**Q** 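This structure is in structure tokens; I'll ask about it shortly.
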Amino acid sequence: MEEAEVVETKDGTVSLASAFAGHQEDFIAQLAVQDRDHKFLTKAVEEAYKGVDCGDGGPFGAVIVRNDEVVVSCHNLVLKNTDPTAHAEVTAIREACKKLNQIQLSDCEIYASCEPCPMCFGAIHLSRVKRLIYGAKAEAAIAIGFDDFIADALRGTGFYQKSQLEIKRADGNGAIIAEEVFEKTKAKFQMY
């Protein structure tokens, strides 16, 4: 069997001189995906810098892509909007849904400069994005003072921080009437 020989040129491009029989196309496809991911992740990182430079929020950026085209490119707007939910990923999902006039982004990918927090991951999941690519691990954000609950929630640990939030289900009629809304509206409202 012939081994793959990868040659990097002075301009940074990579070429494949030879490869295992039948594997050259797979290798080339992997390189193409890697280049594509790098391009869109770089745009997300540029958004992160942009958001900090203009004072809109923390160093987080997100890009939503459909058919190799950028749908939206957003950064964290927590400070600008005085909104703790205006994370880059959530903002990008909101903008993409408006622009595409749909609530499902199942034909889209999201590139995030940092590992998404649980809220952002939940939004990504609910929007049905087909692929998530992120750059920095949550620990990079934690290291400069961002909420360390992010890593705990993502990894299922209690290592960094315990939430101080009290969570309680309503007593009596409160719970009953809240549950009834689903039964009473199911014929009027269909999700998908």
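Computed from a predicted structure; not experimentally measured.
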**Q** Are Cys54 and His75 close enough, and set up right, to give a side-chain contact (heavy atoms from CB on, under 4.5 Å), and what steps lead you there?
**A** CA-CA 10 Å; Cys54 65; His75 55 263; 4.0 Å; yes

**Q** Indicate the atoms forming the closest heavy-atom contact of Ala112 with Leu41, along with that distance.
**A** O-CD1, 3.3 Å

**Q** Short question: side chain of Lys99, backbone of Val71 - any donor-acceptor pair under 3.5 Å?
**A** yes

**Q** I'd like to know if the side chain of Asp56 reaches the main chain of Gly51, judged simply by a donor and an acceptor atom lying under 3.5 Å from each other, with no hydrogens or angles considered.
**A** no

**Q** NZ/Lys98 to CD/Glu95 distance, rounded to the nearest 0.5 angstrom?
**A** 5.0 Å

**Q** Are Val45 and Leu132 grouped together when hydrophobic residues (ILVMFWY) are joined by side-chain heavy atoms under 4.5 angstrom apart?
**A** no

**Q** Starting at CD of Glu69, measure out to CG of Asn67 and round the result to the nearest 0.5 Å.
**A** 8.0 Å

**Q** Between CZ of Phe60 and SG of Cys74, what distance do you get to the nearest 0.5 Å?
**A** 15.0 Å

**Q** Rounded to the nearest 0.5 Å, what separates atom CZ in Phe146 from atom SG in Cys117?
**A** 11.0 Å

**Q** Let me see the working for Phe40 and Ile133 under side-chain contact (heavy atoms from CB on, under 4.5 Å), right down to the final yes or no.
**A** CA-CA 9 Å; Phe40 293 125; Ile133 302 86; over 6 Å; no

**Q** Do His38 and Tyr111 have side chains that get closer than 4.5 Å, going by heavy atoms?
**A** no

**Q** For Asp68, is there an ion pair with Lys39 - N to carboxylate O distance below 4.0 angstrom?
**A** no

**Q** Linking I/L/V/M/F/W/Y whenever any side-chain heavy atoms sit under 4.5 Å apart, do Ile93 and Phe121 land together?
**A** yes

**Q** Hey, mind stepping through Arg131 and Asp37 against side-chain contact (heavy atoms from CB on, under 4.5 Å) and telling me if it holds?
**A** CA-CA 11 Å; Arg131 189 165 177 255; Asp37 286 352; 2.7 Å; yes

**Q** Check whether Asn81 reaches the backbone of Asp83 with its side chain - one donor and one acceptor, N or O, closer than 3.5 Å.
**A** no

**Q** Between Val129 and Ile124, does the side-chain contact (heavy atoms from CB on, under 4.5 Å) criterion hold? Intermediate values first, please.
**A** CA-CA 6 Å; Val129 168; Ile124 291 165; 4.1 Å; yes

**Q** Is it true that a side-chain atom of Asn76 and a backbone atom of Val78 form a donor plus acceptor pair closer than 3.5 Å?
**A** yes

**Q** Is a side-chain donor or acceptor of Ser113 paired with a backbone partner of Gly61 at a separation under 3.5 angstrom?
**A** yes

**Q** As an exercise, state the distance from CD1 of Ile110 to CG of Leu105, rounded to the nearest 0.5 Å.
**A** 8.5 Å

**Q** Would you mind checking if Lys184 and Glu179 are paired as a salt bridge, meaning a charged N to carboxylate O distance below 4.0 Å?
**A** no

**Q** With no hydrogens and no angle check, just 3.5 Å: does a side-chain donor-acceptor pair link Arg66 and Ser106?
**A** no

**Q** Against Ser73, only a single residue in Glu46, Glu47, Lys50 fulfils side-chain contact (heavy atoms from CB on, under 4.5 Å); can you say which?
**A** Glu47

**Q** If you define the side chain from C-beta out and look only at heavy atoms, does anything of Val70 sit under 4.5 Å from Ile64?
**A** no

**Q** For Ala92 and Val72, which heavy atoms make the closest approach, and how far apart are they?
**A** O-CG2, 3.4 Å

**Q** What distance do Ile142 atom CD1 and Glu115 atom CD have between them, rounded to the nearest 0.5 Å?
**A** 8.5 Å

**Q** Which heavy atom in Val63 sits nearest to a heavy atom in Ala44, and how many Å separate them?
**A** CG2-N, 3.6 Å

**Q** One pair to check against salt bridge (Lys or Arg N to Asp or Glu O under 4.0 Å): Arg94 and Glu89. What are the steps and the verdict?
**A** CA-CA 9 Å; Arg94 289 173 180 160; Glu89 299 91 336; over 6 Å; no

